[in-house]
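Presented below is the structure to which this report refers.
Quick note: numbers below take in every heavy atom, side chains included, and nothing from hydrogens, waters or symmetry partners. Chain naming here is simple, since letters A, B, ... match the order of the sequence lines and numbering starts at 1 in each.
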Amino acid sequence: MKTETERETTAMKQRRHLLKALGGLGILGLAWPGVSRPAQRPRELSLKEADFYRPHDLAG
Amino acid sequence: MSAVTCELCPRGCTIPEGAAGDCRVRVNLGGKLRATTYGRPSAIHIDPMEKKPLYHFHPGSPVFSIATAGCNLHCLNCQNWQLSQRGGEEMEEIYRLDPPDLVRAAQGEGCRSIAYTYSDPIVFYEYVYDSSELAHREGLANVFITAAYINQKPLRRLCRVLDAANADLKAFDDGFYRRVNAATLQPVLDALVTLKEEGVWLEVTNLVIPTLNDDLALIRRMARWIRDALGADTPLHFSRFQPQYRLRNLPPTPGETLDRARREALDAGLRYVYVGNVLGHEGNSTYCPSDGTLLIRRVGFLIAENRLTADGRCPTCNQVIPGVWQ
């Protein structure tokens, strides 16, 4: 017979396993509400060349 | 592999191919440094000029305000960290607003000026420069809200197209800059002098953080330096700290601390010393340094009363009040 505290601990463990599994789905790129990346994230960044820099030859 | 060295700010990042500088937004692609947030703001608002804060420049006017992701500082108390401590690709909102569109948008909203603000506009330098040049051609003013951690050469060039700046002087203490901002003091002091020399209208903000930079001797030294290097007419804003980001363990700045800081700066000879982020404080308003007349009464960011004459003088003693009032 489990005590109230033991039942809570078990429930917490199950919840943690579930969240880990959902996180795993996120890593695989499968969307899951509240877990994965936002559905739309515009990524069109600029390629404008900057003004103040100089080439720097690491090997040299 | 071809690395590049960014020469925009004193950090001088050497950036390997495919990587970004410390600011997260200047990226080496194929041996060329790219400004990845050029024309890609992530924050667009119309603010009152007083919010910048600029108290002696177009008072009461709306200013079209933009920022992109990224920053070359990493302040523990950053109030815009969701914007400043991210790269463009991490932003959930990123708009396309190239310089002509930005100028048109500002005009369309009835703004007479554009503010480059929120994060540090130094990291979207090219976007600021091109937009400002265009804005000038269209009769708009440009204001730059910055921590002034920038190299001299790019700053001198930028000054050609700037009309006003509010620059943070975070503390008159190099150790503070290193610990709290991941920066150094001297380049900031040099930048403030340059802004003044180049004729950009300059106001200075000092955020007073309990236990970190609220020492009155430090504040006195800072005020004296401003008086001697920038002039006694340079407005100084003491701003109230609110706990946020990585400094949530500290309390908000007590009102008495701000009062003492203001008194210290006035005693040092500065003529226009303000207190910000405290609603209804007498230090929100502008007073004539000659006869003490209340000239501009502010309530928060609102102008409740403006008694300056049309040519920027005290109505009772005719003292000229420096600023850009029209």
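- Without hydrogens or angle criteria, B/Glu89 side chain to A/Leu45 main chain gives no donor-acceptor distance under 3.5 Å.
- We find the CZ-CZ distance between B/Arg157 and A/Phe52 to be 5.0 Å, quoted to the nearest 0.5 Å.
- Heavy atoms only, all atoms of each residue included: B/Asp130 and A/Lys48 are closest at OD2-NZ, 3.6 Å.
- The parts of B/Leu33 that come within reach of chain A are both its backbone and its side chain, each placing non-hydrogen atoms under 4.5 angstrom from that chain.
- Looking only at heavy-atom pairs under 4.5 Å with chain A, the residue among B/Val4, B/Asn28, B/Thr5 that has the most is B/Thr5.
- Only the side chain of B/Tyr125 comes within less than 4.5 Å of a heavy atom of chain A; its backbone N, CA, C and O stay farther away.
- Counting non-hydrogen atoms of neighbouring residues, nucleotides and ligands closer than 6.0 angstrom, the CZ atom of B/Arg156 exceeds 12 such neighbours.
- By the neighbour-count criterion of 12 heavy atoms within 6.0 Å, atom CD of B/Glu197 is densely surrounded, having more than that number from other residues, nucleotides or ligands.
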